[in-house]
Amino acid sequence: MIIDQQEHFRFWEQASIRDIHVERVTLAKGERTLFTVQSSSFFCMKRGNVLVLLNQSTYSINTFEIIHAPPKSLLEVNAGSDGAEYILISYKAEQGPSYGDEPMFVDKGNYPTHVTYRVTLTQPMMLYEIADRMLEAQQHELPSVPLQLKASFYQWVYHLVEQYYLQPLVVKVTSPVELVMQTLEYLLQNYAKPHTLDSLAATMGRSPGHLSNCFKQVINRGPIDCLIRLRMQKACKLLAETKLPLRMIASAIGYQDAYYFSNAFKKYMGISPQKYRKQCVEEDVTSSAGRNYIVGSPAPCYIPSYDNDNYYQYLDGGSDEMVRNIKRVPVALLMAFGLLLSACSGSSSGNTGAATGDGSTAQSKAPASQVNSSSDNNTNENFQATTRIVNTSMGEVEVPANPQRVVTDFFLGHILALNVKPVGSNGVFMQNPYLEGKVSDIEDISDNLEAITGLNPDLIVTGNAKSYGAYSKIAPTVFLDNSAPVRDQVKELGVILGKEAEASAWLTDFEQMVTSAKEILSSIIKEGETFTVFDGGLSKDITLYGNAHTGRTIHGELDLPMNENVIRSIDPKVGWATISNELAGSYAGDYIFMAVNAKAESFDYSSDPVWGTLDAVKNNELYEIDGYKFYFSDPISVMGQIQDIVDMMEERALEKSKK
């Protein structure tokens, strides 16, 4: 949004509203709908999740989210695996008289009715109840209905705008290491407060699972375990240096009572608080020479050099990746939580320094695998540090020479075609039937920045220019035009991923397949015959495609000629148009491909008074195709679509030859 809250409310106060219409739409699994939003509209999700293509921008919308679409918007909605239900509230609004001499909005494009924005609802049921009342009122043919709709609509807008400015602020994107550092610093200042994983995650603006995963990834233990370690460090200091009773020490470090604190201390340190204090007194805690230090001697046990790797290799467990991450956390911060004590003791146990029954500190040597990991780790680190500079439409980007953890929102099929398996992608593309059996173990990230960050990607490939900046804060990011020809996309990805050989091999296979398919189809198609691609079956309004979207493979890759009226009527920049079913005859070619929801519908075109008169129907040359499968435009899907078209037409030709 480009207007502030006061102006937003003032606009609606002055606006003249008319032509309000409310519609409820239910989509089955994998079903899609495509239409032009004639007037300003609110797209309100009630159930499931969908991928929305709005004016060439893509949004992953979940339950309790609303998108506002400007007039004349092109809207395509693709349901996920559980289907979906949404409400569309359309309206027309004109700005009323402004306050003062100057108009509120000089540019009409700045009206709240003419901009796209998304709202995450804080009180969704309130808006859904109003929408349901509008749907119910719309069913009655009474003079009072328009006024009732307008009154309810103003209520809707008031609550929506209010919730828009109350929705949670976008959390600054941080890496796992940065999030762990922020959390440790917060705990260092607030260790005496009551904390749970849920409350701590809420404070840091993350989900509990994400926060826990980041801690495990960076320091190989959870945030609550780190909190306990910190509290025990504080308790040891208070027991050794003060005569405070246990109940006061317990309260000072965040425990409810002395009994609970005593049990926790004994479990952690191996002895009771009273015995620990007694041992400290016997060792003369006022003498630095005889003191048994809890978090390490002031003698040079830690090598005070940040470029020395050795003190990290003794951390409890963990992988090379964890060691690389831990190096980025300040040593002083780790020491405060007792996370580097084992560098002195060599302990790899879960306790920071569990005392034995005789008061001495238990020590054990680190496993040989940990001791010897330093040289291996350096080797891996040097390998990971190898990068390349690639030129993109967003400028030069430094990317890994051999990326291992790729995340993509749009280009899942493209990347799989180059024998690279991403760690995360958009769930809608993972449901692509042509990718069945290829997407196991890939995480669904939708457009969730938190989920993407949690995967610790080393490269992000996006087709959404608006998300480029946010993604770039997480990992090296490259932007590709998702409407570019598939050949160009494969070539560019080959360079980005360091898979030029694989890209070249795919292009060779693809050209051979296209050539073979054209040869087969040329033996079936007569010279001068044309093809038309529709979507919608016998619906009242149907979609007509040019060489984009569902028509991309048919008209674009296979070069099957279009009907002349289709060429004249469709804007090449848009690629499709909505027409009345009754006009189908004006656009129908000798062959028709009709996109439908293949799992739920099929139509008897020969019995229809309009379609039954078409030559393609009379000659049995209308082919129903799965609109969901033909939605996808990645390399694997395009090859699958070409094969499907050839198979259908060959089979039909064979049937005719037998008659």
Side-chain angles (χ1 to χ4, degrees), residues 122 168-240 242 244-270 272-273 276 294-295 315-318 322 325-326 328-342 349-354 449-451 453-454:
T122 56
L169 295 176
V170 177
V171 179
K172 178 182 179 294
V173 179
T174 56
S175 70
V177 173
E178 291 172 325
L179 179 59
V180 168
M181 289 170 57
Q182 291 174 6
T183 307
L184 291 179
E185 289 170 353
Y186 171 79
L187 289 175
L188 199 59
Q189 301 298 322
N190 299 276
Y191 61 87
K193 295 181 179 180
H195 295 293
T196 64
L197 179 59
D198 288 346
S199 66
L200 189 59
T203 300
M204 304 312 297
R206 297 295 192 273
S207 68
H210 177 61
L211 182 65
S212 181
N213 288 339
C214 287
F215 264 76
K216 294 290 179 62
Q217 179 182 329
V218 175
I219 57 178
N220 203 31
R221 60 185 73 251
I224 298 303
D225 180 56
C226 292
L227 174 62
I228 294 172
R229 283 172 171 264
L230 176 61
R231 286 174 171 173
M232 291 302 109
Q233 303 301 309
K234 300 295 183 181
C236 288
K237 184 176 178 65
L238 291 173
L239 287 167
T242 73
L244 291 173
L246 293 187
R247 60 180 177 80
M248 294 186 67
I249 292 177
S251 177
I253 64 173
Y255 286 97
Q256 298 176 353
D257 54 55
Y259 178 78
Y260 186 82
F261 161 64
S262 295
N263 285 340
F265 188 91
K266 185 173 183 180
K267 180 178 180 181
Y268 182 79
M269 295 298 296
S272 67
Y276 177 84
I294 301 303
V295 292
L315 283 161
D316 299 353
M322 188 271 287
N325 285 331
I326 199 73
R328 297 167 58 191
V329 181
V331 173
L333 190 58
L334 295 172
M335 289 179 66
F337 285 80
L339 292 170
L340 283 180
L341 179 60
S342 54
S349 68
N351 295 339
T352 307
L449 297 179
E450 182 178 304
T453 303

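Computation of the quantities below employed the complete heavy-atom set of this structure, encompassing side-chain atoms and omitting hydrogens, waters and symmetry-equivalent molecules. The shown structure was predicted, so the numbers you read here are calculated from the model rather than taken from an experiment.
L227 CG to L197 CG: the interatomic distance, rounded to the nearest 0.5 Å, is 11.0 Å. Within the model, atoms OG of S262 and CD1 of I249 stand 9.5 Å from one another, a figure rounded to the nearest 0.5 Å. Interatomic distance, CG of L187 versus NE2 of H195, reported as 5.5 Å (0.5 Å rounding). Note that CG of L184 is 7.0 Å distant from CG of L334, once rounded to the nearest 0.5 Å. Taken from CD in E450 to CG in L211, the straight-line distance is 9.0 Å, to the nearest 0.5 Å. In this structure, CE on M269 lies 9.5 Å from CG on L239, to the nearest 0.5 angstrom.
Remark: the backbone N or O of Y191 is paired with a side-chain donor or acceptor of R231 at under 3.5 angstrom. The main-chain N or O of L179 is found under 3.5 Å from a side-chain atom of T183 such that the two form a donor-acceptor pair.
For S251, there are no side chain to side chain contact (heavy atoms under 4.5 Å, CB included) partners two or more places apart in sequence or in a different chain. Under the rule for a side-chain hydrogen bond (donor to acceptor under 3.5 Å, both in side chains), the partners of K193 that lie at least two apart in sequence or sit in another chain are N190. Shown here are the ring pair (Phe, Tyr, Trp, His ring centres under 6.0 Å) partners of Y259, two or more places apart in sequence or in another chain: there are none. Legend: residues meeting side chain to side chain contact (heavy atoms under 4.5 Å, CB included) with A252, ordered by chain and number and at least two apart, are L238. For Y255, the ring pair (Phe, Tyr, Trp, His ring centres under 6.0 Å) partners at least two apart in sequence or on another chain are Y260, F261. A258 meets the side chain to side chain contact (heavy atoms under 4.5 Å, CB included) test with L246, R247; sequence neighbours excluded. In this structure, S272 has no side-chain hydrogen bond (donor to acceptor under 3.5 Å, both in side chains) partners at least two apart in sequence or on a different chain.
The minimum heavy-atom distance between L200 and P223, with the atom names listed, is CD2-CB, 3.8 Å. Contact detail for A250 and D257: the closest heavy-atom pair is CB-O, 3.8 Å. In terms of heavy-atom proximity, A336 sits nearest to L188 at CB-CD1, 3.9 Å. Between S199 and P194, the closest heavy-atom pair is OG-O, 4.4 Å.
Inter-residue side-chain proximity for F265 and M232 is flagged as met; some heavy-atom pair is nearer than 4.5 Å.
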Step by step, work out the side chain to side chain contact (heavy atoms under 4.5 Å, CB included) result for R221 and F215. CA-CA 6 Å; R221 60 185 73 251; F215 264 76; 5.8 Å; no

Check step by step if side chain to side chain contact (heavy atoms under 4.5 Å, CB included) holds for K267 and N263. CA-CA 6 Å; K267 180 178 180 181; N263 285 340; over 6 Å; no

